[in-house]
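Below, all heavy atoms of this structure are taken into account, side chains as well, without hydrogens, waters or symmetry copies. First the proteins, then the strands, lettered A, B, ... as listed; each starts at 1.
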2 protein chains.
Amino acid sequence: MVLKGCILANYEDIAGLARVSIATVSHVINGTRFVLPETQKRVREAMKKLKYRPNLYARGLATGKTNTVGLVISNINNPFYPELVQGTEEVAVKNNYNVFLCSTDYDLKKGLSTIGALISRKIDGIILASSQIDDSIINEIIDYGINFVMVDWGNRNIKTDSIIFDYRVGIQEAINHLVDRGHKRIFFISGPKKHKTSIVRINNFVESIKNLNKGDLEYKIVGGNHKLEGGYKAAKEIIKSDKIPSAVICSNDFTAIGAMHSFMDSGLKIPDDISIIGLDNIKLTEILKPSLTTIELERYNIGKTLMQLLINRVDKPELPLQKKVFKTKLIVRESTS
Amino acid sequence: MVLKGCILANYEDIAGLARVSIATVSHVINGTRFVLPETQKRVREAMKKLKYRPNLYARGLATGKTNTVGLVISNINNPFYPELVQGTEEVAVKNNYNVFLCSTDYDLKKGLSTIGALISRKIDGIILASSQIDDSIINEIIDYGINFVMVDWGNRNIKTDSIIFDYRVGIQEAINHLVDRGHKRIFFISGPKKHKTSIVRINNFVESIKNLNKGDLEYKIVGGNHKLEGGYKAAKEIIKSDKIPSAVICSNDFTAIGAMHSFMDSGLKIPDDISIIGLDNIKLTEILKPSLTTIELERYNIGKTLMQLLINRVDKPELPLQKKVFKTKLIVRESTS
DNA sequence: ATGAAAGCGCTAACAC
DNA sequence: GTGTTAGCGCTTTCAT
């Protein structure tokens, strides 16, 4: 028994001061049965006098409900996450939940051990928003009967509450926007091909081009890696090719920024010589010169929705499967013309 | 009693399977007394078979220690925080802690209620890294006898474990760097004057200028607000003045970026016509064109240190006061010449 | 309208 | 070398 450096009161103290039983204290606090107003008053006064704070550990042990959730992300330094995290936290706090923030750091092993820690902490549910989630992790959670909600990055359509992104609208808007401005050769710089989400984006791009193609559109997929440096290299490659495109759409904003720098370093003017479009709408895209036209993912709303879905599930385990699709949309800035 | 949708085993189950008492199970798990290797083996096998996970709520209730800490920040969208948060989380996980991430959203009331939630959650300690911390919050924590560590933004020298920033080295380096390159008129765009941290930065700037002044240096403080827009406005003001400085140091990176845009919009070339230096070294400073020369705060290390100090304190409450000073240093990039 | 007491899963003092 | 049992602070059933 570790010494608690604390003056913390408990039900017994309150009951003593208010001359009632601890059961009554509990019922006053939770409003779970009728207590005479007069008695209530005595209890509340005692609570105030003792600066009472409920012990959620004890309550959790007794009820099996902890009002705590785990949020598993890849890494908070990835600019995709801060807004999402904020969204989840806000909804959590409004509903009297607190959230354990956990990073997988792009490592499946770390992800798995994180899940173990969360289970031991008796969280009421888990939000899986890391892109490194595999079946071992999902099965672990299911085995222990834990509620969870996930971002289904690769549209695998997993049988659980989840949100998925529909890039099609945004990508289509991007292509329309370019075609409207007379662009005929549009390249796409992809993410790493082993990521489901990269594949989805590539497919959506090709699909959208084909939707619109009256035979006069040319396109090509160039490999990138979702990092600045990959975008930079891909752009260098593009410059060397015979026919330089007049516009480039990139699989994410970092790629777009890398490409932008690359083109600028080669003396090309943006958007005069070449137009660039990113995807994600991370914060810094509006700070750049020229600011980046990009396809928006509403990360803040995504965060809010994830937490809301989870809380729904916790409140009503028998709820039918919840799926939400987040459409994307084009944000026009200075990097296209 | 809420139904727990769980197959979770407890000591009783393990004890039954292994044909020992629950005390023995506990001692095997915690290594708290000698148990025959053979008995240990039976217990461990039973644990494995039952996929046992300790219930940290029960353990916490019994021991008074939860291996949980609260991290209070202003808002994760402030680019100052992600790296700090990552640092704290990494050290926490290494030490078997988990962290509740809480935002004050620049609101003292929200901060106070956050603290209440954390106390009820029986956290072992709190890291206060929000810039909105006042005495009411600190007193609340002290009243309840909770361990805490804080970022003493305004160098108030509060009597608790804390870290403070020493901007002097970095600012001095920045000024030296400029003077070495022949700059004689150096302006400073400040943060909001009601923030202690802004005041400290202004004072350090003036001090550093005076240290170096052989009578040929001119300076001036222009008001900003630590946001893009404030930097933009301040720079506009500067351009209108009689004597335009050849260099500007800014109280934070956002201010510097705002100023940079403002100067560029007015047709000035950076760094040819005017040099700019920021402070914080947030991630996007290296992505800009031109990339921003800035004064670094090692946020990742700050995060790691904060958590380490807290864990030290939790492990040894009688430890003497811990104070760490983080020096700043100049990172030279393209925005100065 | 309120109290007594069992029990949540664990730790640790005490017993043998 | 191991077992028994009294809590930790709360909820909740059963009594009255």
| request: May I ask you to evaluate whether Tyr11(A) reaches the phosphate of dT11(D), defined as a side-chain N or O under 4.0 Å from OP1 or OP2? | output: yes

| Audit row: Ser103(A), Asp105(A), side-chain hydrogen bond (donor to acceptor under 3.5 Å, both in side chains) steps and yes/no | CA-CA 5 Å; Ser103(A) 311; Asp105(A) 283 319; 4.9 Å; no

| note | Which of Thr114(B), Asp107(B), Asn78(B), Thr104(B) passes side chain to side chain donor-acceptor pair (under 3.5 Å) with Ser130(B)? It is Thr104(B)

| query | Between Pro82(A) and Ile76(B), which heavy-atom pair has the shortest distance, and what is it? | reply | O-CG2, 3.3 Å

| task | To the nearest Å, give me how far apart CG (Asp13(B)) and P (dG9(C)) are. | result | 9 Å

| request: Starting from C1' on dG9(D), measure out to OH on Tyr52(A) and report it in whole angstrom. | output: 7 Å

| note | Leu50(A) atom CG is separated from dG9(D) atom C1', nearest whole Å, by 15 Å

| said: Quick check: closest heavy atoms across Ile115(B) and Leu128(B), and the distance to 0.1 Å? | reply: CD1-CD2, 4.1 Å

| said: Measure CD/Glu12(A) against C1'/dC10(D) and give the value in whole Å, please. | reply: 12 Å

| field | Basic-acidic side-chain contact under 4.0 Å: Glu140(A), Lys51(B) | value | yes

| task | List the atom of Leu310(A), the atom of Gly125(A), and the distance in Å for their closest heavy-atom pair. | result | CD2-C, 3.7 Å

| message | Just N and O in the side chain of Ser26(B): are any of them under 4.0 Å from OP1 or OP2 of dC10(C)? | response | no

| So, is Asn55(B) close to the dC8(C) phosphate, meaning a side-chain N or O under 4.0 Å from OP1 or OP2? | no

Would you tabulate the pairs of protein nitrogen or oxygen atoms and nucleotide nitrogen or oxygen atoms of nucleotides 1-4 of chain D closer than 3.5 angstrom?
| unit_1 | atom_1 | unit_2 | atom_2 | d |
| --- | --- | --- | --- | --- |
| dT2(D) | OP1 | Thr39(B) | OG1 | 2.5 |
| dT2(D) | OP2 | Leu36(B) | N | 2.8 |
| dT2(D) | O4 | Arg33(B) | NH1 | 3.2 |
| dG3(D) | OP2 | Ser21(B) | N | 2.7 |
| dG3(D) | OP2 | Ser21(B) | OG | 3.1 |
| dG3(D) | OP2 | Thr24(B) | OG1 | 2.8 |
| dG3(D) | N7 | Arg33(B) | NH2 | 2.7 |
| dG3(D) | O6 | Arg33(B) | NH1 | 2.5 |
| dG3(D) | O6 | Arg33(B) | NH2 | 3.4 |

| message | Using every non-hydrogen atom in the two residues, find where Ala129(A) and Leu71(A) come nearest and quote the distance to one decimal. | response | CB-CD1, 4.5 Å

| field | Lys110(B) atom NZ: more than 12 heavy-atom contacts under 6.0 Å | value | yes

| N/O (side chain, Asn10(A)) to phosphate O (OP1/OP2, dG9(D)) under 4.0 Å | yes

| field | Atom-pair distance (CD on Glu38(A); C1' on dT2(C)), nearest Å | value | 13 Å

| message | Taking the axis from the first five pairs and the axis from the last five, what angle separates them in the helix from dA1(C)-dT16(D) to dC16(C)-dG1(D), rounded to 10 degrees? | response | 50°

| field | Over 12 foreign heavy atoms within 6.0 Å of CZ, Arg19(A) | value | no

